[in-house]
Amino acid sequence: MSLKNVLVGMGCALLLMAGCKSNAQLPTGFIPENINNAVAQYTLQTNTIEASGKVLNPGYINNKGDVVYVTYEDWRSGFYPGSVWYLYALTGDEKWRLLAEKYTEALEEVQHLTWHHDVGFMVGSSYLNGLRFAQKEAYKDVIVQAAKSLSTRFRPAAGIIQSWNTDGGWQAKRGWKCPVIIDNMMNLELLFEATQLSGDSSFYDIAVSHADKTLANHFRADASSFHVVDYDPETGEVRSHQTAQGYAHESAWARGQAWALFGYTMCYRYTHNPLYLEQAKKIYDFIFSHNNLPGDLVPYWDFDALNIPNEPRDASTAAIIASALYEMSTHEKESKYKETADEIMKSLSSPAYRAQVGSNGNFILMHSVGSIPHQSEIDVPLNYADYYYLEALVRKRDLEK
């Protein structure tokens, strides 16, 4: 096996991380108390799903206060099954394993989607967690097939994976040829894992090419990230830097910075390329030295939004950052990364962001933002906010064992 494959094989060891205690002042029994809260909320939520006789997939709450269930083709479809896998990892309760398997396997057709760059999110959070936590051997084939589907979106001349198609919907109106969003960094984990499972290094090569091109073209001098870079797929030239979900083309959309931080930390795990870890550290410095970062470390939806401090917060961004920083703390000796993650988790677990049991559509976290420019999912619970919060809780627990 090549050196690439040996390094990639380290990926599944993520959950065996070890580290030091934090100095953050967290409540006694912080982890057990938050596990109990999550179990209570998700018990109510899964009871509703099971009573329906269907496999429903909670995505968010709409402006009428109703839970919206997403289809398997929705980019968020893997997060709810993934959250249930994390409950199994946190509790060891077979109830959660059985439900996680059921909800995961309802997504089987995702592996064949070639028009969707987010199959990495969708299959990674569901099937990959099933492989990690329950050794579901049959899931390997789904993961590899999903990686093949994602690889069809690789544009060799530009060296990147195209995010959105541009022949329909609102994307067709933007004048793009080959848009790449910073979120796409998160889909690379699927490719790294597929190389480890299959021995096919082409997945690894595509992931590294995309990470390198994104590193070269997506970041400003201060290490903040543009949301969208549009490439010419024939020449590889950068046509424009824009945004779709941020305040402005030149602003720092908060969740985009979180995807970048998490993405390069994850890429370092698989490649040990020091440039990736260095970029993650620069992104950390940008986020946590920003004048518009609130004291509780839960960012506004965009660091440059006009009406700060009267702008919505985004708990999903905070949860993604916390999870990424727990991993960063395993790669870096400095204690600040875990300490910062602990402070974020302290905020998210407070009544300001963690819903009372039985409220909030039985999601854990309140106050997230989907896309303000699209007037979509503003100040509501989102399933991926819960997912990364639970992932952070798993990582924190494993660090402190």
Peer 1: With Arg220 as the cation and Phe226 as the aromatic partner, state whether NZ or CZ is under 6.0 Å from the six-membered ring centre and within 45° of the axis.
Peer 2: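 Ring-cation test returns yes.
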Peer 1: Could you tell me whether a side-chain N or O of Thr317 sits under 3.5 Å from a main-chain N or O of Arg255, the two making a donor and an acceptor?
Peer 2: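 Here the side-chain-to-backbone pair exists.
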Peer 1: Run the salt bridge (charged side-chain N to carboxylate O under 4.0 Å, His left out) check on Lys140 and Glu193 step by step: do they pass?
Peer 2: CA-CA 9 Å; Lys140 291 181 180 180; Glu193 286 288 340; over 6 Å; no
Peer 1: I'd like to know if the side chain of Asp232 and the backbone of Gly236 have a donor-acceptor N/O pair within less than 3.5 Å.
Peer 2: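 Absent.
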Peer 1: In a table with atom names and distances, give each donor-acceptor pair under 3.5 Å that connects a side chain of residues 353-361 to protein atoms at least two apart or in another chain.
Peer 2:
from	atom 1	to	atom 2	distance (Å)
Tyr353	OH	Asp296	OD2	2.7
Tyr353	OH	Arg313	NH1	2.8
Arg354	NH1	Glu33	OE1	2.8
Arg354	NH1	Glu33	OE2	3.3
Arg354	NH1	Asn34	OD1	2.8
Arg354	NH2	Glu33	OE2	3.0
Ser359	OG	Gln356	N	3.4
Ser359	OG	Gln356	O	2.6
Asn360	ND2	Phe363	O	3.2
Asn360	ND2	Leu365	O	3.0

Peer 1: Output all residues satisfying side-chain hydrogen bond (donor to acceptor under 3.5 Å, both in side chains) with Asp183, sequence neighbours left out; order by chain, then residue number.
Peer 2: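 Asp183: side-chain hydrogen bond (donor to acceptor under 3.5 Å, both in side chains) contacts with His227, Trp259.
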Peer 1: Between Asp230 and Lys177, is there a salt bridge with N-O shorter than 4.0 Å?
Peer 2: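 A salt bridge is absent here (no side-chain N lies under 4.0 Å from a carboxylate O).
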Peer 1: Less than 4.0 Å between a side-chain N and a carboxylate O, is that true for Asp398 and Lys401?
Peer 2: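 Here Lys401 pairs with Asp398 in a salt bridge, since their nearest N and O are under 4.0 Å apart.
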Peer 1: Assign the ring pair Tyr86 / Phe133 to parallel, tilted or perpendicular, where the plane angle (0 to 90°) is split at 30° and 60°.
Peer 2: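 Rings of Tyr86 and Phe133: perpendicular, over 60°.
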Peer 1: Report yes or no: do Thr43 and Lys95 form a side-chain donor-acceptor pair below 3.5 Å?
Peer 2: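 The criterion, which ignores hydrogens and geometry beyond distance, is satisfied for Lys95 and Thr43.
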Peer 1: Taking the inter-plane angle between the rings of Trp176 and Trp164 on a 0 to 90° scale, is it parallel (under 30°), tilted (30 to 60°) or perpendicular (over 60°)?
Peer 2: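 Answer is parallel, since the angle falls under 30°.
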Peer 1: Is it true that Lys281 and Glu334 make a salt bridge, defined as a side-chain N closer than 4.0 Å to a carboxylate O?
Peer 2: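 Looking at Glu334 together with Lys281, the answer is no, because their closest N to O distance does not fall below 4.0 Å.
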Peer 1: May I ask you to check whether Phe192 and Tyr270 place their ring centres under 6.0 Å from each other?
Peer 2: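 Yes, the ring centres sit under 6.0 Å apart.
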Peer 1: State whether the side chain of Thr235 and the backbone N or O of Glu237 hold a donor-acceptor pair below 3.5 Å, judged by distance alone.
Peer 2: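 Looks like yes, one N/O pair under 3.5 Å.
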Peer 1: Below 30° counts as parallel, above 60° as perpendicular, anything between as tilted: where do the rings of Trp75 and Phe79 land?
Peer 2: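 Plane angle over 60°, so perpendicular.
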Peer 1: Is there a donor-acceptor contact under 3.5 Å from the side chain of Gln111 to the main chain of Glu108?
Peer 2: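 Yes.
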Peer 1: Between Phe262 and Tyr388 (judged by ring centroids, cut-off 6.0 Å), do the two rings come close enough to count as a pair?
Peer 2: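 Under 6.0 Å, so yes.
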Peer 1: Charged N to carboxylate O under 4.0 angstrom, Lys338 versus Asp342?
Peer 2: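 Salt bridge between Lys338 and Asp342, a charged N being under 4.0 Å from a carboxylate O: yes.
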Peer 1: Which of these passes ring pair (Phe, Tyr, Trp, His ring centres under 6.0 Å) with Tyr80: Tyr42, Tyr69, Tyr387, Tyr60?
Peer 2: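 Exactly one option meets the ring pair (Phe, Tyr, Trp, His ring centres under 6.0 Å) with Tyr80, and it is Tyr42.
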Peer 1: Nearest 0.5 angstrom please: Glu50 CD to Leu99 CG, how far?
Peer 2: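 The CD atom of Glu50 sits 5.0 Å away from the CG atom of Leu99.
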